[in-house]
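Let me begin by presenting the structure, written as structure tokens, before commenting on it.
The residues of the chain are indexed from 1 along the displayed sequence. Computed over heavy atoms, backbone and side chain alike; hydrogens, waters and symmetry mates excluded.
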Amino acid sequence: MTHALIVIDVQNDFCPGGALAVAGGDEIVAPINAMMDDFEAVILTQDWHPAGHSSFASSHPDKSPFEMTEMPYGPQVLWPDHCVQGTNGAAFHSGLRTDADLIIRKGFRPAIDSYSAFFENDQSTPTGLQGYLNTRGITALSMVGLATDFCVHFSAVDAARLGFDVTVRLDACRAIDMDGSLAAAEQAMREAGVKLI
Ligand code: VGL
Ligand code: ZN
């Protein structure tokens with residue numbers, strides 16, 4: 001079994017001081033760096049939105065950050081502007097090791113948000129990660145990063161659905177946790193067969 005570490009969105013905007021800061025987001029950098037040597041492959045994901053992205057509240061008149069809207073593909077949380085391509089906020093935390101095998105960017109289509117590292121929020125547009133893992137013979141995934149209840153959650157559920165053996169290391173994740181979203185995410189991951197440790 002070839003085992004990869006998937007490091008989700010450890011970017012400045014999700015760390016304290018960032019535009020969509022996750023409490024304690026920077027605390028996971030050192031443990032993640034230390035874990036990297038234990039895997040046969042390391043893959044980083046990077047949330048990578050164009051300015052004016054449709055998931056930004058600022059793109060919707062009369063909407064504020066953290067309100068909901070309806071997109072053609074379903075309900076969508078509206079976020080503060082974050083991880084705009086090429087900005088410091090979109091850069092990886094400066095302490096994160098970036099000597100990874102692959103960096104996969106997501107959320108670059110203006111009209112679709114992408115939480116999962118595998119499919120955008122329409123549940124059908126692939127990022128290409130599945131093909132990369134399959135062609136490398138990688139069958140087991142451990143996931144860490146930000147945020148537990150959004151990008152880690154959707155990545156883990158999609159990976160389990162695709163047949164990967166998936167473990168989420170909760171000690172190396174941090175959550176946004178709006179309106180009980182962390183508890184809901186943990187339940188959804190368990191129901192999908194994801195191991196939470
Ligand atoms: C994320 C909200 C918006 C995440 C990305 O990485 O969890 N959350 N974009
Ligand atoms: Zn985003």
Going through the distances and angles, do L20 and F150 end up as a side chain to side chain contact (heavy atoms under 4.5 Å, CB included)?
CA-CA 12 Å; L20 182 40; F150 287 92; over 6 Å; no
Please evaluate residues D37 and R97 with respect to the criterion side chain to side chain contact (heavy atoms under 4.5 Å, CB included), reporting the C-alpha separation (whole Å), side-chain torsions for both, the decisive distance (0.1 Å), and the verdict.
CA-CA 11 Å; D37 293 324; R97 282 176 57 182; 3.3 Å; yes
I'd like to know whether I28 forms a side chain to side chain contact (heavy atoms under 4.5 Å, CB included) with V144, so could you lay out the CA-CA distance, the side-chain angles of the two residues, the decisive distance to 0.1 Å, and finally the verdict.
CA-CA 9 Å; I28 63 176; V144 295; 6.0 Å; no
With side chain to side chain contact (heavy atoms under 4.5 Å, CB included) as the test, would you mind laying out the steps for L96 and M36 before giving the verdict?
CA-CA 11 Å; L96 184 72; M36 288 184 183; 4.1 Å; yes
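Between T127 and Y132, every side-chain heavy-atom pair lies at or beyond the 4.5 Å cut-off. Within the 4.5 Å cutoff, the side chain of F164 has no heavy atoms near those of the V194 side chain. A 4.5 Å side-chain heavy-atom check between V10 and L44 finds every atom pair outside the cut-off.
Under the 3.5 Å distance criterion, the side-chain polar atoms of E40 are matched with a main-chain donor or acceptor of H3. Between the side chain of T125 and the backbone N or O of E120, no donor-acceptor pair lies under 3.5 Å. A donor-acceptor pair under 3.5 Å is absent between the side-chain atoms of T139 and the main chain of M1, judged by distance alone. Not one N or O on the side chain of D47 forms a donor-acceptor pair closer than 3.5 Å with the backbone of G107. Between the side chain of S54 and the backbone N or O of P110 there is at least one donor-acceptor pair closer than 3.5 Å. Of the possible donor and acceptor atoms, none in the side chain of D101 sits under 3.5 Å from a partner among the backbone N and O of A41. With hydrogens and angles ignored, the 3.5 Å screen pairs a side-chain donor or acceptor of N12 with a backbone N or O of N88. With hydrogens and angles ignored, the 3.5 Å screen pairs no side-chain donor or acceptor of Q130 with any backbone N or O of L162.
When the side chains of ILVMFWY residues are joined at heavy-atom separations under 4.5 Å, either directly or via intervening members, I176 and L146 end up in a single hydrophobic cluster. Linking ILVMFWY side-chain heavy atoms closer than 4.5 Å, directly or via other members, places F119 and I43 in a single hydrophobic cluster.
The neighbour count for D38 CG, taken as heavy atoms of other residues, nucleotides or ligands under 6.0 Å away, is above 12.
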Enumerate donor-acceptor pairs with a distance under 3.5 Å from any side-chain N or O in residues 67-78 to protein atoms, sequence neighbours excluded.
from, atom 1, to, atom 2, distance (Å)
E67, OE1, S64, N, 3.3
Y73, OH, Q76, OE1, 2.9
Y73, OH, D113, N, 3.1
Q76, OE1, N121, ND2, 3.2
Q76, NE2, D113, OD2, 2.9
Q76, NE2, Y115, OH, 3.3

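Checked against the 6.0 Å centroid criterion, the rings of H82 and F14 qualify as a close aromatic pair.
Annotation: salt bridge (charged side-chain N to carboxylate O under 4.0 Å, His left out) contacts of E27 (sequence neighbours excluded): R174. Considering only residues two or more places apart in sequence or on other chains, A175 meets the side chain to side chain contact (heavy atoms under 4.5 Å, CB included) condition with T148, D149, D177, L182.
The minimum heavy-atom distance linking K106 with S114 is given by the pair NZ-O, 3.2 Å. Considering all non-hydrogen atoms of both residues, T45 and F92 come closest at O-CE2, 3.4 Å.
Under 3.5 Å, the side chains of H53 and S59 contain no donor-acceptor pair of N or O atoms.
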